[in-house]
Amino acid sequence: AAIFVRGRSLRGFEPGVAIVGARNCTELGREMALGIGRGLGRSGVCVVSGAARGIDAASHEGALEVGGDTVAVLGCGIDRSYPPGSRSLIARIERSGSLVSEYAPGVPAEPFRFPARNRIIAALGRALVVVEGAAGSGSLISADHALEIGRDVYAVPGAVNNPLAEVPLALIRDGAGLVRDATDLLISLHLSEIGAPPGATRMAEATAAEQAALEHVTGPVLPERVAREMGVSLPEAISLLIGLEMKGVVRSIGGRFERRLLGA
């Protein structure tokens with residue numbers, strides 16, 4: 001048995017937290033993984049994941065953006081960069097972090113190797129966080145591995161009608177810790193707290209009217225509803241919402257506005 005490493009030595013990457021989730025994640029899930037990766041990176045906590053698209057990639061990106069440590073566990077030979085869409089990300093991780101594989105050079109990526117590598121992802125972290133995952137997904141396999149070796153498991157809750165929230169909600173129901181952001185996670189792990197997220201500064205720059213408009217964005221809402229609840233004209237409500245969108249506080253999807261995560 002052997003572990004192959006490219007990049008920096010694994011010594012010094014302590015503490016570490018593993019983050020896993022859906023490849024075909026939602027935009028909100030991606031923002032959550034990105035925000036948690038940033039928060040952990042700022043606090044000196046290494047982010048461990050699998051370099052796949054979706055939640056994995058977002059968590060690595062978050063750590064890299066703030067100069068934090070990150071480790072990617074590959075499901076192929078250590079000399080290969082898979083998936084192809086993650087080659088640029090994998091190269092960045094190799095330069096400042098570490099790539100890890102149990103597979104020798106030349107071993108191709110095959111479907112069965114990815115669930116197997118999840119046990120290494122779980123083992124390299126003192127805790128594992130599941131951001132999104134559908135029933136029967138690799139996220140649940142990772143959580144099972146983490147529990148088997150005595151790691152703490154945390155999950156990010158989602159809407160009950162979202163199929164990608166099925167694994168996190170099931171884990172929470174069965175006793176996993178609930179986390180909403182990096183601060184929740186750091187407090188639960190008794191690690192140092194992060195500073196104010198970037199979004200807090202953006203929100204402080206919002207006008208009083210924009211902050212009042214945000215109070216009415218309780219979910220994906222139409223500008224007409226915001227205008228009606230605030231007692232203002234539709235053009236005024238649209239102007240306020242666009243101002244919030246330019247500050248990165250809300251986003252527009254299909255004509256409806258919804259909040260963005262402040263730390264993302």
Side-chain angles (χ1 to χ4, degrees), residues 3 8-21 28-51 55-73 93 96-98 100 118-133 139-158 165 167-201 203 261-264:
I3 288 290
R8 292 167 54 193
S9 167
L10 292 178
R11 292 187 178 90
F13 285 147
E14 289 289 342
V17 170
I19 304 176
V20 299
L28 181 60
R30 181 185 178 281
E31 286 184 8
M32 179 62 72
L34 190 68
I36 292 176
R38 285 174 179 157
L40 294 178
R42 289 193 198 102
S43 295
V45 179
C46 178
V47 172
V48 182
S49 197
I55 298 302
D56 286 15
S59 62
H60 288 304
E61 289 281 0
L64 290 169
E65 283 182 14
V66 297
D69 293 329
T70 189
V71 172
V73 182
I93 294 172
S96 62
S98 291
V100 175
N118 289 350
R119 76 191 193 286
I120 301 176
I121 293 175
L124 288 176
R126 60 180 288 182
L128 179 135
V129 181
V130 178
V131 177
E132 288 185 331
S139 300
L140 188 56
I141 295 173
S142 299
D144 287 341
H145 284 313
L147 291 171
E148 286 173 3
I149 59 176
R151 301 296 193 260
D152 293 330
V153 174
Y154 297 89
V156 176
V167 169
L169 291 176
L171 289 171
I172 292 169
R173 179 194 61 203
D174 293 339
L178 184 155
V179 293
R180 300 163 297 176
D181 51 27
T183 301
D184 278 356
L185 183 59
L186 291 165
I187 291 173
S188 296
L189 294 175
H190 306 292
L191 298 171
S192 58
E193 294 185 45
I194 60 174
T201 301
M203 202 54 231
L261 294 173
L262 287 183

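Model, not experiment: these values are computed from the prediction.
- Within the 4.5 Å cutoff, the side chain of Val71 has no heavy atoms near those of the Val47 side chain.
- Between the side chain of Ser43 and the backbone N or O of Val45, no donor-acceptor pair lies under 3.5 Å.
- Rounding to the nearest 0.5 Å places CG of Leu128 at 9.0 Å from CD1 of Ile19.
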Practice problem: Go through the steps for Thr70 and Val48 under the test side chain to side chain contact (heavy atoms under 4.5 Å, CB included), then give the verdict. | Solution: CA-CA 6 Å; Thr70 189; Val48 182; over 6 Å; no
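- The OG atom of Ser98 sits 12.0 Å away from the CD1 atom of Ile3 when rounded to the nearest 0.5 Å.
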Please output the side-chain donor-acceptor pairs of residues 141-156 that fall under 3.5 Å, not counting sequence neighbours, one pair per line with the distance.
unit_1, atom_1, unit_2, atom_2, d
Ser142, OG, Asn118, ND2, 3.3
Ser142, OG, Gly138, O, 3.1
Arg151, NE, Gly125, O, 2.7
Arg151, NH1, Ile149, O, 3.4
Arg151, NH2, Ala123, O, 2.8

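- Between Leu34 and Glu65, some side-chain heavy-atom pair lies under the 4.5 Å cut-off.
- The minimum heavy-atom distance linking Glu132 with Ser139 is given by the pair O-OG, 3.3 Å.
- Across every non-hydrogen atom of Asp181 and Ile36, the tightest pair is C-CG1, 4.2 Å.
- Expressed to the nearest 0.5 Å, how far CG of Leu171 lies from CG of Leu140 amounts to 6.0 Å.
- Checking side-chain atoms of Asp56 against main-chain N and O of Ser59 turns up no donor-acceptor pair under 3.5 Å.
- For the pair Arg8 (side chain) and Ser96 (backbone), a donor-acceptor distance under 3.5 Å is present.
- Annotation: side chain of Pro157 is in contact with side chain of Leu169 (closest heavy-atom distance under 4.5 Å).
- A search for salt bridge (Lys or Arg N to Asp or Glu O under 4.0 Å) contacts involving Arg119 returns Glu102, not counting sequence neighbours.
- Expressed to the nearest 0.5 Å, how far CG of Asp69 lies from CD of Glu14 amounts to 10.5 Å.
- Looking at Val73 and Leu124, their side chains come closer than 4.5 Å, going by heavy atoms from C-beta outward.
- Taking each heavy atom of Pro15 and Gly44 in turn, the nearest pair found is CD-O, 4.1 Å.
- Val131 places none of its side-chain heavy atoms less than 4.5 Å from the side chain of Val20.
- Side-chain contact between Ile121 and Val100 is absent, with no heavy-atom pair separated by less than 4.5 Å.
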